[in-house]
Amino acid sequence: MSLIHGLKKNLGRAGTSFKQRAGWVDNTIDQEFEDEYERFKIMQKNVEKLSKEVKHYLESMRGMCIAQRNISNSIGEFVNHELTYSMMTYQKLLEKLDGETRITLDKEFRETVLDPLTRLCSYFPIVEDAIKRRHKKALDYDNQRAKVRKLIDKPSEDPNRLPMAEEIANQAREQYEGLNTILIEDLPKFVEMRVPYIDPSFEAFVKLQLKLGEVFYSEFLNVQNNFQQEHEKTPDEILQEMRQLTICGNY
């Protein structure tokens, strides 16, 4: 029975919506609600974009670690695995960064940056459901108002029909206005909470970047110093020796 009742209501609302587009039925518009809803939609779009970019950042960091490991492996194959001390140090460093360091930072990043944004995004469908319910209540109210106006323009032989229609219209108006008022009051509060909510995540993001940068700098600096100690000749000097080989045209 409830399923049939719900189906009838949805069909009635669809009919009211069609009549409104055709200009046959008045459309209740609350500009204050429309303004707040527009602000909410802008916030929703920006937060979802931010969440997407944060995920992309995490994937990029993982991709960078994989790319570094691949370069290290290629260097090993390039020198036929006759690695210098600095090359071996570099490979061990990448294993460390791709292992415990990345995993630790990945966990911190998820807990302090990605998860809070994901939880915030999970509230958007809930708010959207409330807005859809408001729209349905507005359609019900507009439909009942149209019935009252029709009975006023063309009075029924039954004197009770108009008072009953007016009572139903008043009930529909109260339901619509109640939900409309809640949304007008709560939507701006929801939007304003975005900054204090996201700010700690942004701070954590900066700290994680700083931490990662410090780890990379200190570790790679040691590898660089090892390379400097091993270099006996410059690349130009080695190329000059290559040019003097017979296979490079000296024949």
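The shown structure was predicted, so the numbers you read here are calculated from the model rather than taken from an experiment.
The salt bridge (Lys or Arg N to Asp or Glu O under 4.0 Å) check on Glu166 picks up nothing, with sequence neighbours excluded. Qualifying salt bridge (Lys or Arg N to Asp or Glu O under 4.0 Å) partners for Glu111, counting only residues two or more places apart in sequence or in other chains: Lys107. Shown here are the side-chain hydrogen bond (donor to acceptor under 3.5 Å, both in side chains) partners of Asn46, two or more places apart in sequence or in another chain: there are none. The side chain to side chain contact (heavy atoms under 4.5 Å, CB included) test applied to Lys55 returns Ser51, Leu114, not counting sequence neighbours. Scored by the side-chain hydrogen bond (donor to acceptor under 3.5 Å, both in side chains) test, Gln171 finds no partners at all (sequence neighbours excluded). Contacts of Glu214 classified as side-chain hydrogen bond (donor to acceptor under 3.5 Å, both in side chains), with partners at least two apart in sequence or in another chain: none. Arg62 meets the side-chain hydrogen bond (donor to acceptor under 3.5 Å, both in side chains) test with Asp106; sequence neighbours excluded.
Of the residues Ile131, Ile42, Val127, Leu183, the one that meets the side chain to side chain contact (heavy atoms under 4.5 Å, CB included) test with Tyr37 is Ile131.
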| request: Could you walk me through whether Met164 and Arg161 pass the side chain to side chain contact (heavy atoms under 4.5 Å, CB included) test, one step at a time? | output: CA-CA 5 Å; Met164 288 177 60; Arg161 286 193 63 184; 5.9 Å; no
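Contacts classified as salt bridge (charged side-chain N to carboxylate O under 4.0 Å, His left out) and involving residues 39-48 (residues at least two apart or in different chains) are given here: Glu36-Arg39, Glu38-Lys41, Arg39-Glu192. Here salt bridge (charged side-chain N to carboxylate O under 4.0 Å, His left out) pairs that include residues 170-187, with residues two or more places apart or in two chains, are Arg173-Glu177. Identified under the side chain to side chain donor-acceptor pair (under 3.5 Å) test for residues 113-122, with sequence neighbours left out: none.
No donor-acceptor distance shorter than 3.5 angstrom exists from the side chain of Tyr141 to the backbone of Gln175, with no hydrogens or angles considered.
Shortest non-hydrogen contact noted between Leu179 and Arg134 is CD2-N, 3.2 Å.
Summarising the hydrophobic clusters (Ile, Leu, Val, Met, Phe, Trp, Tyr; side-chain heavy atoms under 4.5 Å, direct or chained), the residues clustered with Ile152 are Val148, Leu151, Leu162.
Remark: Arg145 engages Asp142 in a salt bridge, criterion side-chain N to carboxylate O under 4.0 Å.
Counted within 6.0 Å of CE on Met193, heavy atoms from surrounding residues, nucleotides or ligands total 12 or fewer; the atom is thus considered open.
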Check residues 198-212 and write down every donor-acceptor pair under 3.5 Å in which the side-chain atom is one partner and the other belongs to a residue at least two apart or another chain.
| residue | atom | partner | partner atom | Å |
| --- | --- | --- | --- | --- |
| Ser201 | OG | Thr112 | O | 3.1 |
| Glu203 | OE2 | Lys207 | NZ | 3.2 |
| Lys211 | NZ | Glu108 | OE2 | 3.1 |

